[in-house]
Protein chains: 2
Amino acid sequence: MTTSASADIRDTRARLLDAAEAVFMACGYEGASMRQITGDAGVNLAAGHYHFGSKEALFEAVLNRRLHVLNQERLRVLDGLEAKANGAALKPSQILDAFFGTLLRMAIAHGDRGQTFLRLIGRTFTEPAEFIRTVLSEEFADVLERYKAALFRALPEVPKEEIIWRFHFMLGATSYTIAGTDTLRLVTDWQTGAADDDLECLLPRLMSFLLGGLRAPLPATASPVPQPRGNCRTRRKKP
Amino acid sequence: MTTSASADIRDTRARLLDAAEAVFMACGYEGASMRQITGDAGVNLAAGHYHFGSKEALFEAVLNRRLHVLNQERLRVLDGLEAKANGAALKPSQILDAFFGTLLRMAIAHGDRGQTFLRLIGRTFTEPAEFIRTVLSEEFADVLERYKAALFRALPEVPKEEIIWRFHFMLGATSYTIAGTDTLRLVTDWQTGAADDDLECLLPRLMSFLLGGLRAPLPATASPVPQPRGNCRTRRKKP
DNA sequence: GTCTATACCCTGATAGAC
DNA sequence: GTCTATCAGGGTATAGAC
């Protein structure tokens with residue numbers, strides 16, 4: 001009895017997290033309702049507030065449960081690469097694979113739940129709610145610092161400002177893709193066919209695109225638009 | 001009196017659209033409320049339902065007001081380029097500039113309101129609500145067909161499936177960037193400094209990244225992951 | 001400690017007065 | 001055309017039962 005009671009406690013929390021993950025993914029943060037989440041989990045509405053305190057806290061718990069191990073793994077992989085490189089700069093392809101490849105491989109390894117979380121994290125990047133952005137920026141702070149530094153070393157001829165922008169673009173391409181909304185119905189069979197196959201196909205495609213963008217020729221300081229106003233903040237020399 | 005009365009009607013509609021645009025941008029579709037929108041517009045709550053019928057219809061009207069002229073302009077620009085090319089295939093850089101450059105230049109031309117809509121459209125691409133995805137896919141159907149066809153002609157050596165995926169990635173990088181959430185605080189001064197300058201800086205940076213990704217070497221059919229299962233759906237020959 | 005019933009407030013939407 | 005009053009529904013949070 002006592003063992004089953006304590007097991008039930010963990011089950012309630014876990015069921016809530018699983019149900020919340022799915023509903024938040026499908027409806028977005030604002031669109032999701034505690035009633036639906038707790039209903040899907042088979043627990044009472046107030047049980048959600050008992051275990052997590054609020055809808056915001058529940059969302060944060062859903063995010064952190066998987067995001068923390070993901071980012072720890074990203075740091076671990078980068079550590080391993082840098083140890084092997086023995087002081088030399090890494091190749092851009094290694095860095096991108098450590099960052100984006102780790103994401104996709106972990107999602108594949110977790111099956112359907114990994115797929116669900118992949119979409120959730122993709123959509124979460126564009127959630128407007130302020131607390132979500134705070135949670136994400138805190139959770140990603142260390143990883144981004146480390147990976148930015150690795151990219152700076154890997155591409156010493158590219159201005160740091162440009163690398164940051166390109167990191168931004170890469171995150172956008174990736175998060176939009178894994179969000180899987182496919183708003184414009186460009187990829188018709190995505191999210192209908194076998195998801196695992198799609199994910200395994202996605203990685204090489206995405207990697208070649210991101211690498212191509214990262215290593216693209218630098219833009220001219222004079223913009224190609226008809227009326228260059230010339231007050232672009234681009235710096236051509238290092239400070 | 002009669003003239004000012006009819007002018008008031010248009011003002012009410014326009015004020016509602018402007019207020020809705022701003023609130024939807026800041027809060028997302030689900031997070032926005034009709035009360036805040038009508039309050040900001042200085043009109044009664046019921047006036048919103050009188051003029052548009054529902055929150056969904058209002059959102060659709062906000063989107064279509066600017067999206068339709070944008071996509072018409074995109075078609076017009078592409079028509080002009082293809083007429084000038086006189087049957088020859090366009091350069092990828094021309095096509096990307098016609099699609100993404102037209103977006104940014106129109107936003108710049110409209111000042112703050114253009115900036116607001118830019119962010120809104122970026123976020124809208126990842127809205128989970130089904131009716132939003134339907135609206136977008138209908139509004140973009142023609143433009144995407146035309147631009148996809150242009151890219152197929154411009155890059156005959158690249159498999160069409162690959163071009164579609166890369167178009168997808170490009171849309172992701174762009175929409176994430178113009179959404180301006182900057183969830184990971186990568187670009188610290190974005191959306192705080194002078195927005196117009198940022199936008200003018202953005203275009204050449206984005207274009208070089210997108211072009212680099214679009215023209216990247218094709219990925220190997222064997223995926224670089226440790227355990228290639230080999231059932232990737234990639235086709236190497238045309239059917 | 002765990003869970004349930006309930007209260008409270010805000011949402012989108014409507015009916016009817018002006 | 002515009003507005004006040006109001007409805008039913010749903011989301012959050014609390015007080016209290018086990």
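Just so we're clear, the structure is a prediction, and the values are computed from it rather than from any experiment. Proteins come first, then strands; the chains are lettered A, B, ... in the order of their sequence lines, and each starts at number 1.
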Presence of salt bridge, A/Arg15 and A/Asp40, under 4.0 angstrom: no
Exam field: side chain B/Tyr147 to backbone B/Phe167, donor-acceptor pair closer than 3.5 Å: no
Side-chain N,O (B/His49) to OP1/OP2 (D/dT2) below 4.0 Å: no
Side-chain N or O of A/Thr12 closer than 4.0 Å to phosphate OP1/OP2 of C/dC3: yes
Nucleotide C/dG12, atom C1' - distance to CZ of B/Phe131 in whole Å: 13 Å
Side-chain donor/acceptor of A/Arg166 to backbone N/O of A/Leu214, under 3.5 Å: yes
Integer-rounded Å distance: D/dC7 P and B/Arg35 CZ: 14 Å
Sugar-phosphate, base or nothing in reach of B/Ala32, heavy atoms under 4.0 Å: sugar-phosphate
Protein-nucleotide distance (B/Asn44, atom CG; C/dA15, atom P), rounded to Å: 16 Å
Distance in angstrom units between B/Leu45 CG and C/dT11 P, rounded: 10 Å
Euclidean distance, atom CZ of residue B/Phe24 to atom C1' of C/dG12 [Å, nearest integer]: 12 Å
Separation of atom CG in A/Asp11 from atom P in C/dC3, rounded to whole Å: 10 Å
Separation of C/dG1 P from A/Tyr50 OH (nearest whole Å): 7 Å
Distance, rounded to the nearest Å, where B/Phe59 contributes CZ and C/dG12 contributes P: 14 Å
Touch class at under 4.0 angstrom, heavy-atom based, for B/Ala47 against every strand present: nothing
Donor-acceptor contact present, side-chain B/Lys55 to main-chain B/Tyr29, <3.5 Å: yes
Residue B/Ala46, side-chain atoms from C-beta onward, closest of C/dG12, D/dC3, D/dT14: D/dC3
